[in-house]
There are 2 protein chains.
Amino acid sequence: MTSSPTRTRTYGQYCGFARALEIVGERWALLVVRDLVLGPKRFTELQRGLPKMPQSILSARLNELEQSGVVRRRVLPSLDAGVTYELTEYGSELDQIVLLLGLWGARSLTRPHPEEVFTLDTAILSLYTTFQEEAADGVQVNFEVRYPGMTVHALVDGGALKVAEGSHPDADLIIEPVGPYLVDLLTGQLSAGEAVASGKVLIQGEAEHLELFSRLFRIPPAPEPSTGTVIS
Amino acid sequence: MTSSPTRTRTYGQYCGFARALEIVGERWALLVVRDLVLGPKRFTELQRGLPKMPQSILSARLNELEQSGVVRRRVLPSLDAGVTYELTEYGSELDQIVLLLGLWGARSLTRPHPEEVFTLDTAILSLYTTFQEEAADGVQVNFEVRYPGMTVHALVDGGALKVAEGSHPDADLIIEPVGPYLVDLLTGQLSAGEAVASGKVLIQGEAEHLELFSRLFRIPPAPEPSTGTVIS
DNA sequence: CCGGATCCTCGGTGATACTG
DNA sequence: CAGTATCACCGAGGATCCGG
């Protein structure tokens with residue numbers, strides 16, 4: 001019913017990778033998936049997370065992703081006449097790819113462009129993508145991160161990470177970046193000590209917990225030009 | 001240079017994942033990366049691997065990827081006045097993502113569309129993407145796979161895989177799919193025994209080696225609709 | 001308010017042709 | 001061999017309108 005079924009935007013290759021791009025390679029499609037990785041959402045929630053995305057495109061992408069078996073539309077039985085969109089099992093197998101690609105792209109993050117928005121989902125996902133599992137072995141610590149319009153908390157417990165919206169009543173450390181400098185801490189351009197000393201990051205709690213934070217969440221340094229590797 | 005200061009085609013999000021899509025999310029871009037994952041290539045080699053891609057787009061993508069630090073252009077010093085394109089170290093860190101996404105998309109592969117091409121790079125990459133490393137522990141075997149217009153060989157040695165073009169003089173098994181049915185063997189819709197019995201796969205060598213092949217190279221079954229997982 | 005559908009403009013895509 | 005130039009077209013992008 002989405003009007004013309006259209007003979008699609010294909011690549012003309014019998015190839016799993018090409019097929020993947022035909023399914024989720026359209027503009028905006030993977031950003032919709034990204035937001036759904038964090039859980040089911042309503043149409044307007046998706047809009048809020050993708051403010052620069054035209055609604056008509058969001059509608060079109062959701063239909064395409066539903067047809068491809070990546071997204072499932074669920075009509076809420078209650079009275080509020082709502083519809084939620086969630087990843088199918090097939091779609092949620094993109095989780096790891098989303099995290100990997102997010103970390104890869106984070107290396108190219110410098111300063112936010114004035115018009116760029118920083119959404120709640122980005123804040124949450126940035127912690128998942130940069131989490132260093134091997135550095136969290138035997139660690140048990142809770143962080144609360146306060147951004148200008150929103151707060152998230154991260155629970156690290158024995159190699160596992162759980163991030164959610166909102167404050168945490170029993171956080172070991174409250175981190176409040178002043179300006180877009182938390183990324184510098186993650187890349188290592190800014191040490192934990194310098195971050196506090198310069199006032200670029202305000203903290204409540206023991207300062208050494210920020211050292212721990214900067215070991216648990218890392219953006220690897222941007223590689224220098226060198227010879228490319230083939231496959232292994 | 002050629003590039004006008006058009007800053008468009010962004011997503012307006014300060015987010016590593018959005019940045020990644022701005023770099024390699026344009027149409028055709030990741031397919032160029034895919035072919036370069038297997039090693040440096042000349043312009044015309046890339047054209048051969050992407051026959052349905054307009055040359056003007058290939059040229060544009062190569063320029064963009066070079067500017068982003070994903071691809072390096074190398075002018076050959078010799079007389080043949082050639083130029084090769086190769087992934088930088090940054091670009092080659094997409095290797096794993098390309099393999100994962102290729103495997104993900106392979107689940108949606110059914111029959112090749114009549115107009116779809118099957119390229120050498122796809123043949124090679126399909127073995128890398130479907131390789132089950134944990135099933136190859138202590139295994140030492142060589143395969144040769146003959147497709148209608150091309151032949152590749154796969155060397156499995158103790159958990160490591162090396163695939164290359166051409167025949168292999170000492171292959172333990174020569175596999176010759178008759179029609180597009182090798183994918184059925186990989187997904188498990190077709191067992192090794194049935195493949196030989198039905199004549200859909202011709203072999204030279206011991207039949208049990210085809211059993212081994214079908215354990216070493218797998219496309220996981222397509223998931224059924226069920227509840228989506230959040231992140232872990 | 002929520003979940004779209006519809007109309008219109010603009011620019012990237014894609015086919016072809018041309019150049020160093 | 002490795003691009004650039006030209007042009008038609010269709011999907012993205014923005015606004016508005018519709019049914020519950």
Practice prompt. Between protein and nucleotides 13-20 of chain C, map the contacts as a letter string: B base, S sugar-phosphate only, - none, heavy atoms under 4.0 Å, written 5' to 3'.
Written response: SBBB----

Worksheet item: Can you tell me how far P of dG3(C) sits from CZ of Phe43(A), to the nearest Å?
Response: 7 Å

Worksheet item: Considering only side-chain heavy atoms of Asn63(A), which listed nucleotide, dA2(D), dG3(C), dA5(C), is closest?
Response: dA5(C)

Worksheet item: Between Arg73(A) (CZ) and dG3(C) (P), how many Å, whole number?
Response: 10 Å

Item to complete: Please work out which of the three classes, parallel, tilted or perpendicular, describes the rings of Phe217(A) and Phe131(A), given edges at 30° and 60°.
Response: tilted

Worksheet entry | Residues that Arg19(B) engages under salt bridge (Lys or Arg N to Asp or Glu O under 4.0 Å), provided they are two or more places apart | Glu116(A), Glu22(B)

N/O donor to acceptor pairs below 3.5 angstrom from side-chain atoms of residues 48-59 of chain B, sequence neighbours left out:
residue	atom	partner	partner atom	Å
Lys52(B)	NZ	Glu115(B)	O	2.8

Worksheet item: Who pairs with Glu176(B) by salt bridge (Lys or Arg N to Asp or Glu O under 4.0 Å), at least two apart in sequence or on another chain?
Response: none

Discussion item. If you compare every side-chain N and O of Thr44(A) against the phosphate oxygens of dC1(C) (OP1, OP2), does one of them come in below 4.0 Å?
Written reply: no

Worksheet, complete the sentence: For Glu66(B), the salt bridge (Lys or Arg N to Asp or Glu O under 4.0 Å) test, sequence neighbours excluded, returns Arg73(B)

Worksheet item: Tell me: CG of Leu58(A) to C1' of dG14(D), nearest whole Å?
Response: 15 Å

Item to complete: Take atom CG of Leu50(A) and atom C1' of dG13(D), then tell me their distance rounded to the nearest Å.
Response: 14 Å

Practice prompt. Return the residues of residues 11-24 of chain B meeting this criterion: a heavy atom under 4.0 Å from some atom of DNA chain D. Order them by number, or give none.
Written response: none

Worksheet item: Hey, are the side chains of Leu101(B) and Leu21(A) touching, using non-hydrogen atoms and a 4.5 Å cut-off?
Response: yes

Worksheet item: Should the pair His168(B) and His153(B) be assigned to parallel (<30°), tilted (30 to 60°) or perpendicular (>60°) ring geometry?
Response: tilted

Worksheet item: Do Asp184(B) and Lys200(B) sit within salt-bridge range, that is, some charged N less than 4.0 Å from a carboxylate O?
Response: no

